[in-house]
Structures are given as C-alpha cells and as structure tokens.
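From a predicted model like this one, the values you see are computed outputs, not experimental measurements.
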Amino acid sequence: MTSTVPAARQVERVVSPFHTYEGAGFPVRRPFPTGELPFLDPFLMVDQVGPVDLAPGEAKGAPPHPHRGFATIQYVIAGDIANADSRGHRAVVRAGGVQWLTAGSGIVHEALPTEEFLAAGGRQHLLQIWVNLPARHKWTEPVSQNADAADLPVVTTPDGAHLTVIAGTTHGATGPFASVTPVLVVHARLAAGGRAAFTAPAGHNAAVYAMTGAARVGDVPLPDGHLAALDRDGEHFTVHADGGPAEVLVLAGEPIGEPVARSGPFVMNTAAELRQAEKDFALGRMGRMDG
C-alpha cells in the first residue's frame, strides 16, 4: 500500500503592480486587477496604501461611494480610518484592525482619516481587498463586521514567521470573520531567513503578494510589490524571506466560477445588473450619507 504525498504548488506567473490614485487622491500600489491579471477568483482586487509617513494635514481618505455585489476587507496596519455608511454603521479601525463590509444589495460608504490622525500626521499603511460574492448572495442585506488587533489571532512559527490570520484557518488559528465566500487571508511577517508553509485545497486559487521586502515562493523570486499567482494542481507552498525581513499577504480561495461584470464600485454577473446598480444608486436606493 502506497501513500500519496500532496504535490507542491508551482508559481504560474509573477505580475508587477500598477500604480494609481484612489479616493480623494491617495496613491495605491495594485497587483490586480490589471491587464495582466484581471482578477483571481474569488478575489477581485488588492490595493496597498503606503507605508508612508504623512505630515499634518496630508492624510486623505475615500469620500462617500457606493458598493454592490461583493465584500471589502479594510486592513489597517498603521494609522487609523473612520468608517461610516448609509446603514448607520460607525467605527474607527485603528492599527492592526479590520473592517469587513459585505455590501450585498448595496450600501454607500466612506473611509476617512480620523481628525486626530489628520491633525497629527504619522505613518499610514493599509490594504484594501475585494472578495466577490456568488450570485445567490449579491442581494443579501449589507453587513459590517469589525475587529481590533487583539481580535486577530497571531501564530508564531519555529521558522521565523509571525502570521496574522484575518480570514480562514491556518496553523491551527482561525480568523474572526464570517464570510460567505470561503477564503484564506493572512499577513505574514518573515524574519530574515524566515519562512512559512501554507496549504490550500487543490482547485482553489492561491497567491502571495510581497508587501514589504523581497520574498521567494519555492524557488521563484518575488520582488517587493509583485504578486505570485500559483497553479491549482498542488496543495502546499512555502514562502521565504529573500535576504532581509519581508512582509507578505497570502490569499487563497474557492473559485466562484460565475461571469463577472464590473464597473467601478459595482460587481455583478451581467451588464444589465450593472445598469440597475447605477440606477439604484442614483435614485438613493442604496441609502445616502447624512449631510
């Protein structure tokens, strides 16, 4: 009787980031969506803001804007963000915290620096990750979930890694958020020479994004700001710090496998649903921000 050892995942491609501006004009580094990688089902987007040191008055945010058909993950690594929406949710996400906003049928949302952070300045660093919703969940009621840094499990491995688990389960720890789309989202801090091993079921998509510093996935170099999309055939993969310390974002998820129609802040399945979303927003059916 022979046992089968799960195959290692291979890097399918390494993509370079696109630099753009969002919200009121803050710069972001975006590994996808780009022409090279439109999306990584079920993930629709990853934006990195910073790390950057801001002088007093320099911080910018995202004024009121709508969402429908997907979920947003706002992970604040440094600085703070004051969130508000048309459903009356108000929450400040401070360093190490996360807001998980399932937009569902539609919501208007704003994400602004707090008055204190705007006045004092300081280091700003955050990630914005968009996760698609299957068609059967695109019309659910919007839900806002929030977690402070203390709510996120952190695993320290013998191989020189500190893993903050935002969603899914790895290394015996499970993130605090309920997600209708099964995903793994991990912020891995790797010491110089450190590494961390991960598993994702065969058939799921997986990727590693180098947030700060250079890394390697297996034997493939991953420069700072680049993303490695992995094949679906294997189950396990290992991320190494390449030279000095590195911080990486590890993503894995079960593909939804449905048509994706997207236009700005709306992600649906058909062009007709996008037109309806635009009409509903214009008519105030997603709610309005006070003032």
| request: Starting at CZ of Arg195, measure out to CZ of Arg216 and round the result to the nearest 0.5 Å. | output: 10.0 Å
| message | Please identify which of these residues, Arg262, Lys138, Glu258, meets the side-chain hydrogen bond (donor to acceptor under 3.5 Å, both in side chains) condition with Asn132. | response | Lys138
| field | Nearest non-hydrogen partners of Gly61 and Phe26, listed with the distance | value | O-CE2, 3.4 Å
| query | Are Leu126 and Tyr209 joined in one hydrophobic group, where the rule is that I, L, V, M, F, W and Y side chains link up if heavy atoms are under 4.5 Å apart? | reply | no
| note | To the nearest 0.5 Å, atom NE2 of His236 lies from atom CG of Leu230 at 12.0 Å
| Of Leu40, Leu44, Asp47, which meets side chain to side chain contact (heavy atoms under 4.5 Å, CB included) against Phe32? | Leu40
| request: For Gln128 and Tyr75, test the side chains for any donor-to-acceptor distance below 3.5 angstrom and give the result as yes or no. | output: no
| task | Check the side chains of Asp233 and Gln10 for a donor-acceptor pair under 3.5 angstrom, ignoring hydrogens and angles. | result | no
| Polar contact flag, side-chain donor to acceptor under 3.5 angstrom, His125-Gln48 | yes
| request: Determine whether Thr170 and Leu184 make a side-chain contact, defined as any pair of heavy atoms from C-beta on separated by less than 4.5 Å. | output: yes
| said: Just so I know, are the side chains of Pro27 and Val49 near enough to count as touching, which here means a heavy-atom distance under 4.5 Å? | reply: no
| message | side chain to side chain contact (heavy atoms under 4.5 Å, CB included) for Val220 and Val14? Distances and angles first, verdict last. | response | CA-CA 9 Å; Val220 177; Val14 174; 4.0 Å; yes
| query | Which value, rounded to the nearest 0.5 Å, describes the distance between Thr156 atom OG1 and Leu163 atom CG? | reply | 7.5 Å
| task | Over all heavy atoms of both residues, which pair between Asp41 and Asn205 is shortest? Give the atoms and the distance, please. | result | O-ND2, 2.6 Å
| task | Report yes or no: does Thr34 contribute a side-chain atom to a donor-acceptor pair with the main-chain N or O of Glu36 at less than 3.5 Å? | result | yes
| query | Where the side chain of Ser86 meets the backbone of Met286, is there a donor-acceptor pair that is under 3.5 Å apart? | reply | yes
| Main-chain N/O of Pro63 paired to His65 side chain as donor or acceptor, under 3.5 Å | yes
| note | In terms of heavy-atom contacts, Pro142 and Ala103 come closest through CG-O, 3.3 Å
| task | Quick one: closest heavy-atom pair of Gly213 and Ala246, and the distance? | result | C-CB, 4.2 Å
| task | Is it possible for you to say whether Leu227 and Met45 belong to one hydrophobic cluster, with membership spreading through side-chain heavy-atom contacts below 4.5 Å? | result | no
| query | Are any side-chain N or O atoms of Arg29 and backbone N or O atoms of Met211, one a donor and one an acceptor, separated by less than 3.5 Å? | reply | yes
| said: Show, in sequence, the C-alpha distance, side-chain angles and deciding distance for Ile81 and Val92, and conclude whether the side chain to side chain contact (heavy atoms under 4.5 Å, CB included) test is met. | reply: CA-CA 6 Å; Ile81 297 291; Val92 174; over 6 Å; no
| task | Evaluate the criterion salt bridge (charged side-chain N to carboxylate O under 4.0 Å, His left out) for residue pair Glu141 and Arg87; output intermediate values, then yes/no. | result | CA-CA 10 Å; Glu141 287 293 305; Arg87 293 298 182 107; 2.8 Å; yes
| field | Pairwise side-chain contact, Val217 with Thr238, heavy-atom cut-off 4.5 Å (strictly under) | value | no
| message | I want to check something: taking the side chain as every heavy atom from C-beta on, are Val185 and Phe43 in contact at a cut-off of under 4.5 Å? | response | yes
| Quick one: do Phe117 and Val52 end up in the same hydrophobic cluster if we chain Ile, Leu, Val, Met, Phe, Trp and Tyr together by side-chain heavy atoms under 4.5 Å apart? | yes
| message | Regarding Arg232 and Glu12, does a basic nitrogen lie under 4.0 Å from an acidic carboxylate oxygen? | response | no
| task | Decide yes or no for Ile107 and Pro66: does some side-chain heavy atom of the first lie under 4.5 Å from some side-chain heavy atom of the second? | result | no
| remark: When every non-hydrogen atom of Ala95 is compared with those of Ala78, the smallest separation belongs to CB-CA, 4.2 Å
| remark: To the nearest 0.5 Å, atom CG of Asp159 lies from atom NE2 of His240 at 9.5 Å
| request: Kindly compute the distance separating CG (Asp85) from CZ (Arg90), expressed to the nearest 0.5 Å. | output: 6.5 Å
| request: For the residue pair Phe198 and His171, categorise the inter-ring angle as parallel (less than 30°), tilted (30 to 60°) or perpendicular (more than 60°). | output: perpendicular
| Working for salt bridge (charged side-chain N to carboxylate O under 4.0 Å, His left out), residues Asp231 and Arg9 | CA-CA 6 Å; Asp231 66 20; Arg9 285 179 177 252; 5.0 Å; no
| said: Name the residue from Phe266, Phe70, Trp100 that meets the ring pair (Phe, Tyr, Trp, His ring centres under 6.0 Å) definition with Trp130. | reply: Phe70
| query | Using a distance-only test with no angle check, is there a side-chain donor-acceptor pair under 3.5 angstrom linking His109 and Asn83? | reply | yes
| query | Sub-3.5 Å donor-acceptor pair from the side chain of His204 to the main-chain atoms of Ala202, do we have one? | reply | no
| Under the 3.5 angstrom rule, does the side chain of Glu273 hit a backbone N or O of Asn269 as a donor-acceptor pair? | yes
| Hey, any chance Leu190 and Val11 share a hydrophobic cluster, counting ILVMFWY side chains that come within less than 4.5 Å of each other, even indirectly? | yes
| request: Could you grab the distance from atom NE2 of His162 to atom OG1 of Thr157, nearest 0.5 Å is fine? | output: 8.0 Å
| Under the 3.5 angstrom rule, does the side chain of Gln145 hit a backbone N or O of Ala178 as a donor-acceptor pair? | yes
| query | Has the side chain of Arg68 got a donor or acceptor atom that lies under 3.5 Å from a matching backbone atom of Phe281? | reply | no
| Beyond-backbone contact of Leu251 with Val183, side-chain heavy atoms, under 4.5 angstrom | no
| Taking it one step at a time, do Asp242 and Leu222 satisfy side chain to side chain contact (heavy atoms under 4.5 Å, CB included)? | CA-CA 8 Å; Asp242 201 3; Leu222 187 62; over 6 Å; no
| message | Using a 3.5 Å distance criterion without hydrogens, assess whether the side chain of Asp280 forms a donor-acceptor pair with backbone atoms of Leu283. | response | no
| message | Between Glu247 and His187, is there a side-chain heavy-atom distance shorter than 4.5 Å? | response | yes
| request: Apply side chain to side chain contact (heavy atoms under 4.5 Å, CB included) to Ile256 and Thr181, showing your working. | output: CA-CA 8 Å; Ile256 296 172; Thr181 307; 4.3 Å; yes
| Do Ile73 and Val46 share a hydrophobic cluster (ILVMFWY, side-chain heavy atoms under 4.5 Å, transitive)? | yes
| field | Minimum side-chain heavy-atom gap Val98-Leu152 below 4.5 Å | value | yes
